[in-house]
**Student:** 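Below you'll find the structure I mean.
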Amino acid sequence: TEQCKADLMTFLPAAPVLELPVGEISTFQAAAKSLEIAAMRMDVLSRLFQQEKIVVVATIESIVQKVLSPQDFSHGRIELKAGEVLNREVFLTQLVHCGYERVDEVSSIGQFCARGGIIDFFALNHERPIRLELFGDEIDSLREFEPETQRSLGNLSGTTILPVTGYTQSIPTACALSYLPPESTVIFLP
């Protein structure tokens, strides 16, 4: 798949070429690697769900591996916007149902912590964690931050939190092909 991906990137420089890796069966020893692979898989599914024009390179094994149905995926996403009203306890419960782990301090993907009106979370689809600050029930701000220093890096007007696949309350029942638009082309290589 690496050679195929490199070839496609050469011949289709304007199109994003992404790999859909085979997900791992999560064990405690492989949790970090599983989250990294889950993040890659969820990124591809999210882009397909949003009908972005992308090229996906995948093995048969990665395509047929069970994922959340597009409907469950849609329900598992959490959309946040600065200025919106947010029920703190409902949001924290949503994070747990989406497979996020509650910790004392966020340091890696798939974690969140809450201290009063401040909620930090490290979503699968972000390179850095995000700090959500509430003023009453309103989202006052969303900011990326550096986990080591806790320094804010910039404000966000909104964000989407993707579920941690394989950890959600929904049972994976579909395959990645169910995310493809009707006009998609699929090429199976030997």
Side-chain angles (χ1 to χ4, degrees), residues 16 18 20 23 26 28 30-54 67-174 179:
L18 305 171
L20 181 67
S26 182
F28 288 110
K33 185 66 175 168
S34 290
L35 282 175
E36 182 180 314
I37 290 170
M40 291 171 64
R41 288 180 63 81
M42 292 305 282
D43 179 51
V44 171
L45 295 178
S46 177
R47 289 170 180 243
L48 290 171
F49 182 80
Q50 295 174 60
Q51 299 187 350
E52 287 184 28
K53 304 285 186 209
I54 61 172
V67 296
L68 296 175
S69 70
Q71 295 78 17
D72 287 337
F73 179 85
S74 176
H75 294 299
R77 294 166 30 132
I78 302 170
E79 301 279 340
L80 300 172
K81 289 192 172 95
E84 282 187 338
V85 172
L86 179 75
N87 181 311
R88 180 184 184 277
E89 295 310 312
V90 169
F91 176 60
L92 296 177
T93 301
Q94 284 179 306
L95 287 173
V96 171
H97 286 289
C98 285
Y100 287 81
E101 174 190 15
R102 190 169 191 162
V103 295
D104 292 332
E105 187 173 292
V106 171
S107 61
S108 60
I109 290 174
Q111 297 178 335
F112 76 96
C113 71
R115 300 171 308 280
I118 297 175
I119 303 168
D120 294 342
F121 58 89
F122 202 150
L124 289 178
N125 50 313
H126 287 278
E127 292 181 20
R128 292 183 186 84
I130 295 174
R131 178 161 292 144
L132 178 154
E133 290 191 40
L134 292 170
F135 183 75
D137 285 344
E138 184 178 306
I139 299 174
D140 189 45
S141 67
L142 294 162
R143 295 188 314 269
E144 287 187 317
F145 69 93
E146 194 62 53
E148 294 82 23
T149 63
Q150 299 290 305
R151 285 182 106 191
S152 293
L153 299 172
N155 287 328
L156 302 170
S157 60
T159 190
T160 301
I161 303 171
L162 297 180
V164 179
T165 187
Y167 296 85
T168 61
Q169 299 293 322
S170 300
I171 298 170
T173 59
Y179 284 77

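Only this structure's heavy atoms are used, side chains among them; waters, hydrogens and symmetry mates stay out.
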**Student:** Minimum heavy-atom separation for Pro147 and Ser107, please, with both atom names.
**Tutor:**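 Scanning both residues completely, I find the closest heavy atoms to be CB-CA, 4.5 Å.
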
**Student:** Might you work through the side chain to side chain contact (heavy atoms under 4.5 Å, CB included) test for Leu95 and Arg102, ending with a clear yes or no?
**Tutor:** CA-CA 9 Å; Leu95 287 173; Arg102 190 169 191 162; over 6 Å; no

**Student:** State whether the side chain of Gln111 and the backbone N or O of Ser108 hold a donor-acceptor pair below 3.5 Å, judged by distance alone.
**Tutor:**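 Here the side-chain-to-backbone pair exists.
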
**Student:** So for atom CG, which belongs to Asn155, do other residues, nucleotides or ligands contribute more than 12 heavy atoms lying within a distance under 6.0 Å?
**Tutor:**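 Result for CG/Asn155: enclosed.
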
**Student:** Quick one: does any side-chain atom of Glu84 pair with a main-chain N or O of Leu80 as donor and acceptor, under 3.5 Å?
**Tutor:**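 Not confirmed, Glu84 side chain does not pair with Leu80 backbone.
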
**Student:** Measuring only between side-chain heavy atoms, which start at C-beta, is Tyr100 closer than 4.5 Å to Leu124?
**Tutor:**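 Heavy-atom side-chain distance check passes, below 4.5 Å.
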
**Student:** I'd like to know if Glu79 and Arg77 make a salt bridge, using a cut-off of under 4.0 Å between side-chain N and carboxylate O.
**Tutor:**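 A salt bridge links Glu79 with Arg77.
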
**Student:** Tell me, please, which residues at least two apart from Tyr179 pass ring-ring contact (aromatic ring centres under 6.0 Å, His included).
**Tutor:**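 With sequence neighbours excluded, Tyr179 shows a ring-ring contact (aromatic ring centres under 6.0 Å, His included) to Phe73, given in chain and number order.
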
**Student:** When rounded to the nearest 0.5 angstrom, what distance separates NZ in Lys53 from CD in Gln51?
**Tutor:**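 Answer rounded to 0.5 Å: 7.5 Å.
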
**Student:** Within the 4.5 Å heavy-atom criterion, are Ile78 and Cys98 side-chain neighbours or not?
**Tutor:**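 They are in side-chain contact.
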
**Student:** Are Ile119 and Arg88 close enough that some pair of their side-chain heavy atoms sits under 4.5 Å apart?
**Tutor:**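 Yes - at least one pair of side-chain heavy atoms lies under 4.5 Å apart.
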
**Student:** Please indicate whether Glu148 has more than 12 foreign heavy atoms, meaning atoms of other residues, nucleotides or ligands, lying under 6.0 Å from its CD.
**Tutor:**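 Counting other residues, nucleotides and ligands, CD of Glu148 exceeds 12 neighbours.
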
**Student:** Hey, could you give me each pair passing salt bridge (charged side-chain N to carboxylate O under 4.0 Å, His left out) that has a residue in residues 108-119? Not counting sequence neighbours.
**Tutor:**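 As it turns out, the salt bridge (charged side-chain N to carboxylate O under 4.0 Å, His left out) pairs with a partner in residues 108-119, which skip direct neighbours, are Arg115-Asp120.
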
**Student:** At what distance, to the nearest 0.5 angstrom, does OG1 of Thr159 lie from CZ of Arg143?
**Tutor:**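 Thr159 atom OG1 to Arg143 atom CZ measures 14.0 Å (nearest 0.5 Å).
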
**Student:** Got Glu105 and Cys113 here, is their nearest side-chain heavy-atom distance under 4.5 Å?
**Tutor:**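 No, every pair of side-chain atoms sits at 4.5 Å or beyond.
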
**Student:** Can you give me the closest heavy-atom contact between Phe49 and Ser74, atom names plus distance?
**Tutor:**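 So the two residues come closest at CZ-CB, 3.5 Å.
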
**Student:** Measure the CG-CG distance between Leu162 and Asn125 for me, rounded to the nearest 0.5 Å.
**Tutor:**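 Atom-to-atom, Leu162:CG and Asn125:CG are 3.5 Å apart.
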
**Student:** Quick one: pull up CD in Glu101 and CD1 in Ile109 and give me the separation to the nearest 0.5 Å.
**Tutor:**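 Here the interatomic distance stands at 13.0 Å.
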
**Student:** Which distance, rounded to the nearest 0.5 Å, do you find between the CD1 of Ile130 and the CZ of Phe112?
**Tutor:**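 The distance works out to 15.0 Å.
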
**Student:** For a quick check under 3.5 Å, do Gln50 and Ser46 share a side-chain donor-acceptor pair by atom type?
**Tutor:**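 Yes - a donor-acceptor pair under 3.5 Å links their side chains.
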
**Student:** Do Phe145 and Gln150 make a side-chain contact, defined as non-hydrogen atoms from C-beta onward lying under 4.5 Å apart?
**Tutor:**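 Yes, close enough: below the 4.5 Å cut-off.
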
**Student:** Look at the side chain of Arg131 and the backbone N and O of Ser141, then say whether any donor-acceptor pair between them is shorter than 3.5 Å.
**Tutor:**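 The answer is no, because no donor-acceptor pair under 3.5 Å joins these two groups.
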
**Student:** Taking C-beta and beyond as the side chain, do Leu132 and Ile139 meet within less than 4.5 Å on heavy atoms?
**Tutor:**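 A side-chain contact exists here, since the closest heavy-atom pair is under 4.5 Å.
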
**Student:** Under 4.5 Å between any side-chain heavy atoms of Leu20 and Leu18, yes or no?
**Tutor:**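 No, every pair of side-chain atoms sits at 4.5 Å or beyond.
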
